[in-house]
Amino acid sequence: MGLRDRLRRTAATLDELHDDRLQGRFGKLDVVPIAQATLRVPIRIGGEISRMRMVPRAGSPSFEVTVSDGSAEAVAVFTGRRTLAGMEHGRGVLLEGVCHPEKGRPVMLNPSYTLL
């Protein structure tokens, strides 16, 4: 680690350090950064689970998982589910599916997923 890196790290906030860690972790995988995700085409993104919640959609339960890779956040919605085995905060996950915009954020409905 050079002097510039050390100076940058000492001046960085915790959020910036966390984003750098996530970008380093998921930048090595064969995935598209969430900030560069193209909408309405099949893509593969990866990130760390930052939020999970169960919300009703059209009268049936849906399990929402918010994933961050340090560049942006995306939401994976699993309809008809209340939980998914293995999904927990801080866990790495790869998602494959089609993103569409919803409330200014990319959302994947029922994507295929791989737990890391």
Side-chain angles (χ1 to χ4, degrees):
M1 185 183 316
L3 181 60
R4 274 192 212 144
D5 290 335
R6 287 185 188 196
L7 289 174
R8 186 182 57 81
R9 285 184 168 269
T10 58
T13 65
L14 287 177
D15 289 334
E16 290 170 345
L17 292 174
H18 182 67
D19 290 344
D20 286 346
R21 181 186 65 82
L22 289 176
Q23 288 174 5
R25 180 178 178 192
F26 294 101
K28 298 172 187 167
L29 300 174
D30 184 27
V31 295
V32 175
I34 295 173
Q36 299 172 5
T38 308
L39 301 176
R40 295 189 166 93
V41 295
I43 60 168
R44 183 177 186 204
I45 60 174
E48 193 171 272
I49 298 173
S50 58
R51 282 188 298 267
M52 298 183 304
R53 65 185 192 146
M54 201 280 298
V55 295
R57 281 181 170 245
S60 66
S62 294
F63 185 59
E64 285 189 359
V65 178
T66 303
V67 176
S68 174
D69 70 350
S71 66
E73 290 185 342
V75 177
V77 178
F78 300 93
T79 57
R81 305 295 299 259
R82 293 182 191 276
T83 61
L84 281 172
M87 291 279 187
E88 54 192 33
H89 291 282
R91 181 98 187 240
V93 65
L94 298 177
L95 301 170
E96 292 184 57
V98 178
C99 282
H100 71 275
E102 186 177 294
K103 298 180 184 175
R105 59 187 183 172
V107 175
M108 284 185 165
L109 288 176
N110 296 316
S112 62
Y113 65 95
T114 303
L115 299 173
L116 301 176

Kindly compute the distance separating CD (Gln36) from OG (Ser71), expressed to the nearest 0.5 Å. 7.0 Å
Is there a path of hydrophobic side-chain contacts, each under 4.5 Å between heavy atoms of I, L, V, M, F, W or Y residues, that connects Leu84 with Leu95? yes
Looking at every non-hydrogen atom in both residues, tell me the closest pair between Ala76 and Pro111 and how far apart they are. CB-CG, 3.8 Å
If hydrophobic clusters are built by linking Ile, Leu, Val, Met, Phe, Trp and Tyr wherever their side-chain heavy atoms come under 4.5 Å apart, do Ile49 and Tyr113 end up in the same one? yes
Using the ring of each side chain (for Trp, its six-membered ring), is Phe78 parallel, tilted or perpendicular to Phe63, with breaks at 30° and 60°? tilted
Could you walk me through whether Leu115 and Glu88 pass the side-chain contact (heavy atoms from CB on, under 4.5 Å) check? CA-CA 10 Å; Leu115 299 173; Glu88 54 192 33; over 6 Å; no
Report yes or no: do Ile34 and Val41 belong to one cluster of Ile/Leu/Val/Met/Phe/Trp/Tyr joined by side chain heavy-atom distances under 4.5 Å? yes
Does Ile43 reach the side chain of Val98, with side-chain heavy atoms less than 4.5 Å apart? no
A side-chain contact here means heavy atoms from C-beta on lying under 4.5 Å apart; do Val31 and Leu94 qualify? yes
Evaluation steps, side-chain contact (heavy atoms from CB on, under 4.5 Å), between Leu116 and Val93: CA-CA 5 Å; Leu116 301 176; Val93 65; 5.9 Å; no
Can you find a pair of side-chain heavy atoms, one from Val67 and one from Ile45, that are under 4.5 Å apart? no
Considering only heavy atoms from C-beta outward, does the side chain of Pro33 approach that of Asp69 to under 4.5 Å? yes
Pairs where residues 70-84 contributes a residue and the test salt bridge (charged side-chain N to carboxylate O under 4.0 Å, His left out) is met, not counting sequence neighbours: Arg51-Glu73
Could you please spell out the steps behind the side-chain contact (heavy atoms from CB on, under 4.5 Å) verdict for Val107 and Val77? CA-CA 7 Å; Val107 175; Val77 178; 3.8 Å; yes
Rounded to the nearest 0.5 Å, what separates atom OG1 in Thr83 from atom CE in Met54? 10.0 Å
Same cluster or not: Met108 versus Met52, using hydrophobic residues (I, L, V, M, F, W, Y) connected whenever any side-chain heavy atoms lie under 4.5 Å apart? yes
Taking only Lys NZ, Arg NE, NH1 and NH2, and the carboxylate oxygens of Asp or Glu, determine whether Glu102 and Arg57 approach each other closer than 4.0 Å. yes
Which distance, rounded to the nearest 0.5 Å, do you find between the CZ of Arg44 and the CD of Glu96? 5.0 Å
